Amino acid sequence: MMNQKSCLNCGHSVSDEFCPHCGQKTDTARITPKSIIKNDILGSIWHVEARFFNTLKDIIFRPGKTAMDYIAGKRIRYNNFIPLLLVLFSFNVLGLHYYEKFAPPEVLADDSGIKDFLSRYSKAILFIIIPMLAVNAYFLFRRINLNIAEHFIIGTVSLLGILTLFLLDDIVSLISLWKPVSKIFNIIDKALFAVSVLFPALTYWNAFKSSYTIPGLTWRIIVLYILMVSESAVIGLILYEIF
């Protein structure tokens, strides 16, 4: 028979590492300076950072599989996607701020009015991408039987990947300001931009490649991009006229 003891938090009987009623760990030893440093400070930082970087790694290298795992209920290894979206958005704002701070005037002067508008409002436009992706994909990938909220998750993962690539691109753009390495980092900058444009396609391909034939999945992704470009152009023109 397993050793039974009471949870120190709620009093329920427990026989495992965690209380099944409140979730508290059963090995709550006396608090000491060592335990605070090892478990509460270093342990918490490591846990948060490990989950954060594991989530970003999975989003970049297997975005569709990550989204489908999350939808299927495999969520403990991932950060919540919505707060993570806000964190990456903030990092992107900081990256753009420091690029504009350190870039020489002649580089910033090359930006046209439209390019300046896109750089300032691109993140707001990107947040519109999630419902657009969700609605368009809901009708194009009906065979998967996902509801609109589940397609919203896939769209969120796709945007997380784009924001991660944009953040890397901000770092690369800052490094490219150093003349000796500017050519090589300008090439990397263009490559990151190309991957970010293709990232929604990579996400849906990775998510649904086992559910459709290659031609069937290809034409659906092409139609998805046509719809997204058309809708984004209309929204961009509206925002440009307003602001």
Side-chain angles (χ1 to χ4, degrees), residues 17-18 23-25 38-98 122-134 136-138 141 144 146-175 188-189 191-211 221 224 228:
E17 185 180 358
F18 294 92
Q24 177 169 286
K25 292 188 72 172
K38 180 181 177 182
N39 300 325
D40 295 342
I41 299 176
L42 296 179
S44 296
I45 292 172
W46 170 252
H47 177 72
V48 170
E49 287 189 347
R51 181 182 288 190
F52 177 81
F53 288 112
N54 280 333
T55 302
L56 291 187
K57 180 193 71 175
D58 285 350
I59 285 171
I60 289 296
F61 291 105
R62 48 173 209 150
K65 180 69 164 54
T66 298
M68 296 303 285
D69 282 350
Y70 192 88
I71 290 168
K74 300 175 183 178
R75 298 169 191 170
I76 191 66
R77 65 173 291 166
Y78 301 120
N79 280 109
N80 188 290
F81 292 151
I82 303 302
L84 185 58
L85 199 64
L86 298 176
V87 169
L88 287 176
F89 174 75
S90 300
F91 284 163
N92 272 269
V93 170
L94 280 175
L96 179 61
H97 167 74
Y98 281 109
S122 60
K123 305 306 185 296
I125 295 170
L126 283 174
F127 275 107
I128 300 172
I129 284 180
I130 296 177
M132 285 168 54
L133 276 172
N136 291 329
Y138 176 77
F141 301 101
I144 311 299
L146 298 178
N147 62 41
I148 195 70
E150 291 165 335
H151 277 289
F152 188 92
I153 293 296
I154 300 175
T156 301
V157 168
S158 185
L159 180 54
L160 282 169
I162 293 172
L163 288 175
T164 303
L165 291 167
F166 276 14
L167 182 58
L168 292 173
D169 191 52
D170 288 339
I171 296 169
V172 166
S173 296
L174 278 168
I175 297 172
I188 296 173
D189 174 66
L192 285 171
F193 179 76
V195 175
S196 67
V197 170
L198 292 173
F199 200 80
L202 297 173
T203 302
Y204 286 99
W205 190 279
N206 187 237
F208 302 143
K209 61 184 178 181
S210 61
S211 302
I221 289 175
L224 178 66
M228 293 295 295

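Quantities reported herein were computed from a predicted structural model and do not represent experimental measurements.
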Distance-only donor-acceptor hits, side chain of residues 156-166, under 3.5 Å, sequence neighbours excluded:
| residue | atom | partner | partner atom | Å |
| --- | --- | --- | --- | --- |
| Thr156 | OG1 | Phe152 | O | 2.8 |
| Thr164 | OG1 | Leu160 | O | 2.8 |

Tabulate below the donor-acceptor pairs under 3.5 Å that side-chain atoms of residues 55-63 make, not counting sequence neighbours, or state none.
| residue | atom | partner | partner atom | Å |
| --- | --- | --- | --- | --- |
| Thr55 | OG1 | Arg51 | O | 2.7 |
| Thr55 | OG1 | Asn79 | N | 3.0 |
| Asp58 | OD2 | Arg62 | NH2 | 3.4 |
| Asp58 | OD2 | Arg77 | NE | 3.4 |
| Asp58 | OD2 | Arg77 | NH2 | 2.9 |
| Arg62 | NH2 | Tyr78 | OH | 3.1 |

Could you give the side-chain donor-acceptor pairs of residues 80-91 under 3.5 Å, partners two or more places apart or in another chain?
| residue | atom | partner | partner atom | Å |
| --- | --- | --- | --- | --- |
| Asn80 | OD1 | Ile82 | N | 3.1 |
| Ser90 | OG | Leu86 | O | 3.0 |

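In this structure, Phe141 and Phe208 have tilted ring planes: the angle between them lies in the 30° to 60° band.
The side chain to side chain contact (heavy atoms under 4.5 Å, CB included) search around Leu198 returns none, not counting sequence neighbours. In terms of the side chain to side chain donor-acceptor pair (under 3.5 Å) criterion, Asn206 has no residue partners (sequence neighbours excluded). Scored by the side chain to side chain donor-acceptor pair (under 3.5 Å) test, Lys65 finds Asp69 as partners (sequence neighbours excluded).
Pairing each heavy atom of Ala134 with each of His151, the nearest pair is O-CB, 3.7 Å. Annotation for Ile130 and Gly155: closest pair CG1-O, 4.0 Å, computed over non-hydrogen atoms. Considering all non-hydrogen atoms of both residues, Ile71 and Glu150 come closest at CD1-O, 3.4 Å.
Taken to the nearest 0.5 Å, the OH atom of Tyr204 stands 9.5 Å off from the CD1 atom of Ile221.
Contact check for Leu133 versus Thr203: no side-chain heavy atoms found under the 4.5 Å cut-off. Ile153 places none of its side-chain heavy atoms less than 4.5 Å from the side chain of Met68.
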